[in-house]
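Throughout, protein chains are lettered first and strands after them, A, B, ... in sequence-line order, and every chain is numbered starting at 1.
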Number of protein chains: 2
Amino acid sequence: MEMKALSKASTIYEVAQRAGVSIATVSRALRDSDLVTADTRAKVRAAAAELRFTPNRSGRSLAEGRHAANGIVFPDLVGPYYAEVVLGYEEAAAAVGSSVLILATHGRADAAAAVQELAGRVDGLAIMGQTVGDDVVRDIAATGLPLVLLARDPVPGVDTIRTRNERTAGQLTEHLLGHGHRGFAFLGDPAGSPDVAGRYTGLAAALRRHGLIPPAPVPCGLDLDSGERAARGLLTRPPDAVVCANDEIALGVHLAAERRRIHIPGDVAVTGWDDLMAARFAHLTTVAQPMRELGTVAARWLHRRIGERAARTGRPTAVRRRVLPTQLVVRRSCGTHPSEVHR
Amino acid sequence: MEMKALSKASTIYEVAQRAGVSIATVSRALRDSDLVTADTRAKVRAAAAELRFTPNRSGRSLAEGRHAANGIVFPDLVGPYYAEVVLGYEEAAAAVGSSVLILATHGRADAAAAVQELAGRVDGLAIMGQTVGDDVVRDIAATGLPLVLLARDPVPGVDTIRTRNERTAGQLTEHLLGHGHRGFAFLGDPAGSPDVAGRYTGLAAALRRHGLIPPAPVPCGLDLDSGERAARGLLTRPPDAVVCANDEIALGVHLAAERRRIHIPGDVAVTGWDDLMAARFAHLTTVAQPMRELGTVAARWLHRRIGERAARTGRPTAVRRRVLPTQLVVRRSCGTHPSEVHR
DNA sequence: GTGAAAGCGCTAACAC
DNA sequence: GTGTTAGCGCTTTCAC
């Protein structure tokens, strides 16, 4: 049967009429309810196909009282870091039938409003890092919307997933000390993010254990350019080792050193954090984080909370906290140990 | 005034009651209609704030007949490539008040169903690369939903944005020929994506112009591992130059060469495509694409089409096609020219 | 300027 | 099994 192109999406009423049944039957047939005969189902499916019918999600959501969608809020997607988290989140959410809404705050001033609006569109929300203040988190949590915080300091009553910073930063420091480095610099702003704070704390603690005085952190944005800029000052009289809050900063230092013909690790050791793909090719010693898993776990936790809420089954599970392990990845930039295997 | 935590999102009715007005007035006040006095507006705002009221989007969407959300479909987010596009898209969409829904198909078999379902949630949809077949695109287009295809062969009646492949691949080839390379290999599957096909075509055409016989392409996935695997066979007897369909493949070749102590570019020249961050640190000659812009333009076009549709203003604008320029980025991996500036 | 009421497209009782 | 119908939460005429 020839069809003319439709300029407007068709509704369940049209499908019902075409199939010669009621809208209730269409609804049932299309959602594989076992309250319809195979015959009816086929008839309805045929009509729906002819009309290229796709149920309007707003109608369905309103009736069901759920959105079948989750949201994730992150500062940006420029580095590969957040992209990985989002991907893991999307994958796990899709696996349980949820769509995913993303929101990049870009440090916008109206981020709070955007997150609030997002909260009205989803059944659960993951909030990463320093995107909005604790007040916003508390407000949203107060509405009962399932929430999970990612790579961010906990807020009472809200689930949180983080990655291990202090301990691994300690290991990294020990490793650098093992290379004989004694003069350290730290590039990054502990006040800007709890992750950075944890990394600095771990470094400082390890140095103190060895009787060394930790350097004051050199405040620095988390991107390549900031790293390069910050390195300019630092490299006029390079320390033994520059511990960077993340890979992008370290890569920026790498570029600055290259430009000045300062050799890494001969003249100065450099380390990063995140294990980006670029780190491998810059031979950067760094710390690998399970970013994908961060997203996956967040989506699973949310799914569970959403289920709990829908079931209205008494008190929900206690607040959950998890710290995912991270792993030191030794490459050349921290100093050369003949005994070490570089990959 | 003290408030107890709410376990359920409040509705416009509760706000209306608290403010002592009708729901119509609440609706108006909250959306800054000038049909309410400043006094009333203040009263309503206060009530809404106390109740932590966020309008339910399903209700609003249903009433307005629009979702205020756009979707974007991509195969994956693993490489930094798609992440950039998505980011550009999100940014531009957010700027015009649209939320963004993402869908990664991961080569899933039920991708078509997922895309169809997504189509029912959005006012416009961007579809990237080889995520779903043309039949799905045509079906969705037939419903009248504004659509834009990204990095993909056009479908009649649907807007398309691509990046330049053939011409720049020709420039790249000329450059390699200028280094004196004559024996070429191409890593990538032209049948797998129109982008790859264009790059291969550009290479082949340039070689023919110089009286050389183009090599048959070596089929290869677009990720690092595939590149490394494909390189293993190739590097037993390396050609002069290996032109890779993207950076990840080229970086895989880089790793394989490193392992075999084959020197780039001394023993073999290698080039990529995309200009990922890692390419810079691997000194990879490649081609930069305006990925962010791809997303931005897509979101803008969709916004325009959505406007046209809502206005029902006669015939819509003609189908649009755009090819965004790409740019050769020369680094060390293609061969050393003393005269060239490397960055 | 404000309120009453009619939908928007769908699901889910409830009736038959 | 299938149909009827009452909402879901919101926007938007239409009265006043």
*Spell out, as yes or no, whether a donor-acceptor pair under 3.5 Å connects the side chain of A/Y82 to the backbone of A/V73.*
no
*asked:* What is the distance, to the nearest angstrom, from the NE2 atom on A/H67 to the P atom on C/dT11?
replied: 15 Å
*asked:* Output the rounded distance in Å from CZ (A/R57) to C1' (D/dC8).
replied: 13 Å
*B/R309 side chain to B/G144 backbone, donor-acceptor under 3.5 Å*: yes
_Polar side-chain contact B/Y13-D/dC10 base: donor and acceptor under 3.5 Å_ = yes
*Does OP1 or OP2 of C/dG9 have a side-chain N or O of A/R60 closer than 4.0 Å?*
no
*asked:* Does A/E91 have more than 12 heavy atoms from other residues, nucleotides or ligands lying within 6.0 Å of its CD?
replied: yes
*Reckon B/T37 touches a base, only the sugar-phosphate, or nothing at all at heavy-atom distances under 4.0 Å?*
sugar-phosphate
*Side-chain N or O of A/T40 closer than 4.0 Å to phosphate OP1/OP2 of D/dT2*: yes
*Between C/dG9, D/dG9, C/dT2, which nucleotide gets closest to the side-chain atoms of A/A63?*
C/dG9
*Nearest-Å distance, NZ (B/K43) to P (C/dG1)?*
14 Å
*Do the charged groups of A/E308 and A/R304 touch, with an N to O distance under 4.0 Å?*
yes
*Atom CG of B/L35 to atom P of D/dC14: distance rounded to whole Å?*
14 Å
*Answer yes or no: is there a donor N or O on one side and an acceptor on the other, between the side chain of B/D76 and the main chain of B/H106, under 3.5 Å?*
no
*asked:* Are more than 12 heavy atoms, taken from residues, nucleotides or ligands other than A/Q130, located less than 6.0 Å from that residue's CD atom?
replied: yes
*Nearest to the side chain of A/I12 - D/dC8, D/dT11, C/dC10?*
C/dC10
*Pick out which of B/R305, B/R322, B/R320 makes a salt bridge (Lys or Arg N to Asp or Glu O under 4.0 Å) with B/D159.*
B/R305
*asked:* Whether the side chain of B/Y89 engages the backbone of B/G71 through a donor-acceptor N/O pair (distance < 3.5 Å, no angle test) should be reported.
replied: yes
*Relative to the 5' end of DNA chain C, which residue comes earlier, B/D34 or A/F53, by the nucleotide with the nearest heavy atom?*
B/D34
*Would you confirm whether A/E90, through its side chain, and B/A104, through its main-chain N or O, come within 3.5 Å as a donor-acceptor pair?*
yes
*Rounded to the nearest angstrom, tell me the gap between atom CG in B/D32 and atom P in C/dG1.*
15 Å
_Contacting residues from residues 20-30 of chain A, given that a heavy atom lies under 4.0 angstrom of DNA chain C_ = A/I23, A/A24, A/S27, A/R28
*Between C/dA4 atom P and B/Q17 atom CD, what is the distance in whole Å?*
13 Å
_I want to check one thing: is the phosphate of C/dC10, taken as OP1 and OP2, less than 4.0 Å away from some side-chain N or O of A/R31?_
no
_Residue closer to the 5' end of DNA chain C, A/E64 versus B/L62 (nearest nucleotide)_ = B/L62
*Looking just at side-chain N and O atoms, do B/T296 and B/R292 make a donor-acceptor pair shorter than 3.5 Å?*
no
_Global bending angle along the helix from C/dG1-D/dC16 to C/dC16-D/dG1, which compares the axes of five pairs at either end, to 10 degrees_ = 40°
